[in-house]
Amino acid sequence: MSDPQLKPVGLPAPEALALLRDMVRIRRFEERCADLYGQQKIRGFLHLYIGEEAVAVGALHALGPGDNIVATYREHGHALVRGVSPGAIMAEMYGKQEGCSRGRGGSMHLFDAKTRLFGGNAIVGGGLPLAVGLALAEQMQGGSRVTAVFFGEGAVAEGAFHESMNLAALWKLPVVFCCENNFYAMGTAIERSESQTDLCAKAASYNMKTLRADGMDVIATQAAMRDAVAQVRSGAGPVFVEFQTYRYRAHSMFDPDLYRDKAEVERWKTRGPIHNLSNRMKAEGSLTEEAFLAIDAEAIKEVDAAVAFAEAGTWEPVEHLAHHLYTVNRAETAR
Amino acid sequence: MKITYREALRQAMHEALAADPRVFLMGEDVGRYGGSYAVWKGFLAEFGPERIRDAPLSELGFVGTAIGAALGGMRPIVEIMTVNFSLLALDQIVNTAAVYRHMSGGQFSVPVVVRMATGGGRQLAAQHSHSLENWYAHVPGLTVLAPATVDDARGMLRAALADPDPVVIFEHAMLYPMEGELSPDWEKADLRTAKILRAGRDVTLIAYGGTVCKAQEAALQLAAEGIEAEVLDLRVLRPLDDATIMASVGRTRRAVIVDEGWRTGSLAGEIMARIMEQAFYELDAPVARVCSAEVPIPYAKHMEEAALPQAPAVVAAVRQLLAKV
Ligand SMILES: Cc1ncc(C[n+]2csc(CCOP(=O)(O)OP(=O)(O)O)c2C)c(N)n1
Ligand SMILES: [Mg+2]
């Protein structure tokens with residue numbers, strides 16, 4: 001019997017299962033990342049997506065394999081869902097040459113040409129002009145790829161955001177602006193940084209269609225993204241989608257998380273994206289507890305394999321320091 | 001054949017647009033207005049608004065857009081009116097274009113050409129007279145060019161477009177109306193070598209961009225005094241052509257670097273350091289440099305002239321070097 005309190009899933013069971021599986025994959029992967037950080041296997045900045053999984057999963061499931069993705073430094077989830085090998089992602093975080101960026105990028109700079117993942121960009125707002133350019137190239141070449149660019153609500157205060165929104169709308173470019181609004185930019189709450197906290201109102205001033213989705217509900221994020229992608233692919237110009245979400249963990253592993261109420265965090269946790277979907281599926285009879293546990297076990301197995309791959313990975317010789325600086329190799333050395 | 005620097009740029013751009021449908025020109029007022037230095041008159045009518053693309057006042061946005069378009073398979077030439085405004089786009093050039101290939105482990109090259117006018121000399125005051133070529137030449141991942149002759153104005157763009165990585169081209173604003181003889185050598189323009197424009201045995205004058213003609217002027221004056229100055233046009237500011245520099249200095253045993261940048265942290269300083277490292281024992285005198293005075297470039301004509309490197313200062317520096325022997 002379905003619970004009248006719960007929204008219907010509204011998707012065929014295999015599709016809903018695929019969404020659930022990807023959210024669990026990200027969760028398990030990142031929990032392990034946090035452990036590995038504690039063990040100092042992973043160093044540098046590490047930004048976890050835990051709590052926000054429904055955004056990347058819903059959004060990326062609405063895109064095709066030919067589409068372009070531009071993401072931020074909080075992009076492990078995007079890379080995993082996009083199909084980048086978990087081993088290559090983990091090896092990248094270890095700094096091994098088997099990493100998806102040959103160990104030169106780390107957690108914040110996952111790249112994968114095969115799946116058209118154009119980074120992992122750690123300049124807040126830096127990916128937006130890039131995405132506009134990818135879309136311009138597509139328009140000029142008469143192709144049908146859509147470019148999806150992800151950025152936090154913090155980026156909305158950057159000039160790059162406004163310049164990119166204007167250019168994309170002015171030239172009717174095929175780009176979906178995916179704003180992952182988790183209400184904080186490091187320790188700065190949105191009310192303390194935006195004169196207008198209604199981000200869709202802000203985006204609409206660029207003469208662009210806007211959508212707002214519950215970012216804790218993967219069915220909603222996917223539906224909004226499907227809408228946006230359909231409009232963009234039809235040639236009607238860019239769309240701005242605001243996904244309202246929340247990060248359960250600190251901004252990065254360096255963040256003592258002193259700027260928000262524990263009660264607020266707990267409140268958002270009651271809306272967890274994984275349970276949100278699994279509860280609804282169970283209520284509708286498309287998921288059993290055993291099936292859920294099997295998905296979880298499989299995700300853990302995938303992470304184990306990724307860690308084993310990263311552990312077995314090798315260090316690039318330092319003599320290669322200047323490799324890949326220029327396409328045409330030069331006598332120029334790194335020193 | 002004599003042509004102007006501006007005409008040479010026009011021919012180069014025309015050839016590039018005609019040769020490759022992936023090439024397009026984007027920037028503020030490149031279309032309707034005809035280019036802020038009147039270089040692109042007629043291009044909009046011939047190539048259309050898609051490929052002669054007027055951009056809004058969004059240096060960060062449209063330079064980043066050009067970088068993205070390059071990643072997406074196009075061959076954009078993005079024009080920033082002047083180096084002064086390029087500071088608003090510096091983030092995209094330094095944090096994206098220059099690093100993407102290396103940071104992605106070789107997966108993503110960025111074949112973008114960024115061109116801009118640079119330099120002072122037109123009484124435009126501090127905010128329109130900067131020479132910041134060294135800021136860009138500092139950055140690994142970029143190739144930085146300073147065409148100072150009609151040959152390079154004609155030839156360098158082709159070479160830049162053939163390069164799969166980001167290339168930044170600086171055109172000194174005083175050069176656009178300059179006339180010069182276009183030699184058949186223009187087709188050999190490369191992105192690696194410096195060039196000796198005038199041979200001489202007594203001293204090497206090392207210059208680039210807008211200071212090349214000042215070095216040549218100084219060489220003429222020195223010749224009248226019986227001093228034979230060699231004039232070396234750097235052409236390429238990154239990578240610097242150490243071999244040509246050291247060979248010349250090895251022959252003349254003296255060098256004066258003429259650089260419109262401010263002395264502190266200048267390219268001139270970098271070249272001096274390299275000569276120290278590689279040719280110290282060839283020298284008969286300490287290397288000297290003539291740079292801009294360390295002030296914002298002033299408006300008043302006499303003050304601006306005093307601030308920028310001029311031929312008489314180069315002549316004086318050479319005399320001093322020779323006197324020291
Ligand atoms: C241009 C720039 N300024 C500052 C920073 C430092 N910084 C890194 S993440 C961050 C907060 C960004 O918040 P938001 O865009 O909301 O993304 P979130 O981390 O919440 O996903 C800041 C200030 C940066 N990386 N880039
Ligand atoms: Mg945020």
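Quick note on labels: first sequence line is chain A, next is B, and so on, each numbered from 1.
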Colleague: Ring centres under 6.0 Å, that's the criterion: do B:His130 and B:Phe85 meet it?
Modeller: no
Colleague: Name the orientation class of the two ring planes belonging to B:Phe43 and B:His14 (parallel below 30°, tilted from 30 to 60°, perpendicular beyond 60°).
Modeller: perpendicular
Colleague: Given the options A:Glu138, A:Arg102, A:Gln141, A:Met140, which has more heavy-atom pairs under 4.5 Å with chain B than any of the others?
Modeller: A:Met140
Colleague: For the candidates A:Asn166, A:Leu173, A:Ile123, which exhibits the highest count of non-hydrogen atom pairs separated by less than 4.5 Å from chain B?
Modeller: A:Ile123
Colleague: Below 4.5 Å from any heavy atom of chain B, which atoms of A:Phe118 appear? Answer side chain, backbone, both or neither.
Modeller: both
Colleague: Please check: side-chain N/O of A:Arg145 versus main-chain N/O of A:Gly66, any donor-acceptor pairing under 3.5 Å?
Modeller: yes
Colleague: Is A:Leu136 close to chain B through its backbone or its side chain, or both, or neither, when contacts mean heavy atoms under 4.5 Å?
Modeller: side chain
Colleague: Under a 3.5 Å threshold, yes or no: a donor from one side chain and an acceptor from the other, between B:Gln278 and B:Asp242?
Modeller: yes
Colleague: Under a 4.5 Å heavy-atom cutoff, which of A:Val70, A:Asn68, A:Val132 has the most pairs with chain B?
Modeller: A:Val132
Colleague: Do A:Glu194 and A:Lys202 meet the salt-bridge criterion of a basic N to acidic O distance under 4.0 Å?
Modeller: yes
Colleague: Which answer fits B:Thr96, side chain, backbone, both or neither, if we ask what part of it has an atom under 4.5 Å from a heavy atom of chain A?
Modeller: side chain
Colleague: So which of B:Ala66, B:Gly106, B:Gly141 has the largest heavy-atom pair count under 4.5 angstrom toward chain A?
Modeller: B:Gly141
Colleague: Select one option (side chain, backbone, both, neither) describing which atoms of B:Arg22 are under 4.5 Å from chain A's heavy atoms.
Modeller: neither
Colleague: Are B:Asp152 and B:Arg235 close enough for a salt bridge, meaning some N to O gap below 4.0 Å?
Modeller: yes
Colleague: Is it the side chain or the backbone of A:Leu170 that comes within 4.5 Å of chain B heavy atoms, both, or neither?
Modeller: side chain
Colleague: Could you tell me if B:Asp165 and A:Thr327 have a donor-acceptor pair between their side chains, going purely by distance under 3.5 Å?
Modeller: yes
Colleague: Which answer fits B:Gln92, side chain, backbone, both or neither, if we ask what part of it has an atom under 4.5 Å from a heavy atom of chain A?
Modeller: side chain
